[in-house]
Protein chains: 2
Amino acid sequence: MPEASSCLVTKLSHYMPLSDLDKERLARLEKSERSFPAGQEIYQGGDENRNLYVVKHGWAFSYTDLPDGRRQIVKIHHPGDIVGFPDVALKHSTTTLRTVESVCLCPFPKSSLDEILRKSPRLSALLISIALRDHVVLIDVLRAMGRMSAQERISYMLLDLLARLRITNRSMTDTFRLPMTQSQIADYLGLTNVYISKTFLRLEREGFIQRDHDQVRVLKEREMIELTDFHDRYAEMDTSWFPQD
Amino acid sequence: MPEASSCLVTKLSHYMPLSDLDKERLARLEKSERSFPAGQEIYQGGDENRNLYVVKHGWAFSYTDLPDGRRQIVKIHHPGDIVGFPDVALKHSTTTLRTVESVCLCPFPKSSLDEILRKSPRLSALLISIALRDHVVLIDVLRAMGRMSAQERISYMLLDLLARLRITNRSMTDTFRLPMTQSQIADYLGLTNVYISKTFLRLEREGFIQRDHDQVRVLKEREMIELTDFHDRYAEMDTSWFPQD
DNA sequence: CGTGGTCTTGAGTTCCGTCAACTAGCGTGG
DNA sequence: CCACGCTAGTTGACGGAACTCAAGACCACG
């Protein structure tokens with residue numbers, strides 16, 4: 001019983017037209033699904049690396065802790081994302097996966113990926129491109145962490161979320177839901193919850209954003225792009241080199 | 001006129017035995033070579049993304065600048081590394097490549113990579129694994145930048161370099177050559193040259209390291225591994241899923 | 001023997017962290 | 001329905017790690 005369209009198919013279709021066969025292969029990844037409540041850990045760093053996951057709905061994130069408890073969130077996962085790709089080359093997971101809110105995930109074994117890699121060169125090229133794109137995005141995050149102030153980092157994060165969410169929701173303009181707590185945002189940006197709070201208030205006071213509960217509205221997108229030298233890595237990719245199946 | 005063994009072949013052989021055909025394919029990547037003096041830019045961020053490069057000898061690094069000049073070095077390249085992999089999914093380069101010292105590079109077109117991807121599944125799996133491994137390493141760097149003190153960051157960097165250099169130089173113990181300036185190290189670790197200097201002196205004073213010109217000796221590797229919760233991502237990879245050609 | 005780049009040193013500053021108290025919202029249960 | 005407890009967010013005082021600026025030392029090299 002295939003749904004009208006999965007988030008994964010929507011997201012991938014944004015970059016290239018998918019054949020029915022491709023869609024069928026992707027649907028197989030979403031065959032089984034499981035729901036989890038908010039704040040649940042799905043797997044832990046060091047666990048044997050069995051499954052990957054497609055996010056069906058809800059937000060989640062991957063993080064690592066230092067032994068003394070300092071935490072770094074390394075990736076925020078949205079519906080349509082594939083979770084765990086960077087770890088497939090390793091025997092054990094390097095990060096812990098945790099839900100932000102109520103989440104539905106589709107686990108699938110590594111071997112399903114193998115099958116796609118062997119049988120569908122064009123779809124493989126797309127999946128690899130997305131993994132590489134995520135690598136480039138991580139480089140952008142690294143730049144933000146290494147060289148940007150708190151205000152710039154938050155601005156960068158909001159712009160990045162906007163760009164990502166626009167891929168699956170074309171009608172979205174300047175407002176979106178940010179279900180993460182300020183402590184989680186702090187762990188993502190390498191700051192503290194207290195300083196996140198103060199910087200959000202400052203951004204609001206200076207007219208960059210508005211907030212209402214978990215809704216965020218970006219008012220000065222242009223200025224914030226300028227401020228952070230932001231580049232949208234999501235809108236387009238180079239598919240010109242993709243093989244024809 | 002193939003050399004006895006290239007760095008690239010040495011590095012890849014560490015993870016799986018290479019067939020003569022594989023070695024021949026890799027040798028093709030190193031067919032043409034060019035030398036560059038220290039401090040030279042090879043390509044710039046935004047340039048059209050034509051070639052990849054194999055590093056033959058010498059160190060180089062990739063970086064991005066903010067418009068006001070703040071710099072973040074995102075990857076240090078050693079002999080045997082392939083430079084530019086994360087960018088293949090994009091039309092334009094996202095980073096600038098610069099030599100640390102006198103360097104010899106082998107440029108090769110994207111299309112050579114295509115050929116390997118199409119014709120050699122096993123070698124493809126290895127190259128993809130290395131790209132994913134580099135992604136995991138970047139996550140480690142992100143954690144260091146987000147959550148570690150200057151002392152911990154430098155320790156992490158030294159351990160990472162040790163682990164990487166040991167792959168190609170099995171006889172290496174605790175001493176290696178670090179040709180980067182302290183300003184470059186600062187741009188890599190998200191600090192300033194002044195603070196790098198002070199922190200290096202402190203590490204020396206506290207008996208963690210010794211320095212002599214550009215030679216660094218790591219004296220308390222065990223403690224530094226503990227301090228930074230360091231994981232060697234280079235020593236082994238999961239090759240169990242690789243296809244047999 | 002000058003010259004330019006790298007490293008070191010010190011004084012003063014700042015951004016962000018720590019700690020702790022307080023407020024607001026929300027679900028639970030008596 | 002209100003007391004309660006819990007979590008998230010805000011606020012303020014204070015502290016400290018890392019930055020800035022500037023001067024000086026130490027090379028390597030022409």
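First the proteins, then the strands, lettered A, B, ... as listed; each starts at 1.
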- [ ] Ignoring hydrogens and angles, tell me if any N or O in the side chain of Arg143(A) forms a donor-acceptor pair with the backbone of Gln72(B) under 3.5 Å.
- [x] no
Task: Residue pair Glu152(A), Ser155(A): steps toward the side-chain hydrogen bond (donor to acceptor under 3.5 Å, both in side chains) verdict - done: CA-CA 5 Å; Glu152(A) 290 163 336; Ser155(A) 299; over 6 Å; no
- [ ] To the nearest Å, give me how far apart CD1 (Ile185(A)) and C1' (dA8(D)) are.
- [x] 11 Å
Open item on the list: Let me spell it out: for each of Glu204(A) and Ala150(B), pick the nucleotide of DNA chain D with the closest heavy atom. Which residue's pick is nearer the 5' end?
Closed with: Glu204(A)
Task: Separation of dT14(C) P from Glu152(A) CD (nearest whole Å) - done: 17 Å
- [ ] Mind calculating the distance between CE (Met180(B)) and C1' (dC7(C)) to the nearest angstrom?
- [x] 16 Å
Open item on the list: Suppose we call two aromatic rings close when their centres sit under 6.0 Å apart. Are Trp59(A) and His78(A) close by that rule?
Closed with: yes
Task: Euclidean distance, atom CZ of residue Arg153(B) to atom P of dA17(D) [Å, nearest integer] - done: 13 Å
- [ ] Could you check how far CG of Asp214(A) sits from C1' of dT7(D), rounded to whole Å?
- [x] 15 Å
Open item on the list: Quick check: do Thr64(A) and Asp229(B) have side-chain heavy atoms less than 4.5 Å from each other?
Closed with: no
Task: Spacing of Met148(A) atom CE relative to dC19(D) atom P, expressed in whole Å - done: 16 Å
Open item on the list: In this structure, how many angstroms lie between the P atom of dA18(D) and the CZ atom of Arg147(B), rounded?
Closed with: 13 Å
Open item on the list: Under 4.0 Å from OP1 or OP2 of dG5(C): is there any side-chain N or O of Gln182(B) that close?
Closed with: no
Task: Inter-residue atom distance Leu159(B).CG - His231(B).NE2, 0.5 Å rounding - done: 11.5 Å
- [ ] Could you label the plane-to-plane angle of the Tyr53(A) and Tyr43(A) rings as parallel, tilted or perpendicular, counting under 30° as parallel and over 60° as perpendicular?
- [x] parallel
- [ ] Please work out which residues in residues 187-202 of chain B have a non-hydrogen atom less than 4.0 Å from an atom of DNA chain C and list them by number.
- [x] Val194(B), Ser197(B), Lys198(B), Leu201(B)
Task: Under 4.0 angstrom between Arg211(B) side-chain N/O and dT8(C) OP1 or OP2 - done: yes
Task: Spacing between Glu101(A) atom CD and dA8(D) atom C1', to the nearest angstrom - done: 16 Å
Open item on the list: For Arg70(B), is there any backbone N or O sitting under 3.5 Å from a side-chain donor or acceptor partner on Arg147(A)?
Closed with: no
TODO: Using only side-chain N and O atoms of His213(B), determine if any of them is under 4.0 Å from OP1 or OP2 of dA28(D).
DONE: yes
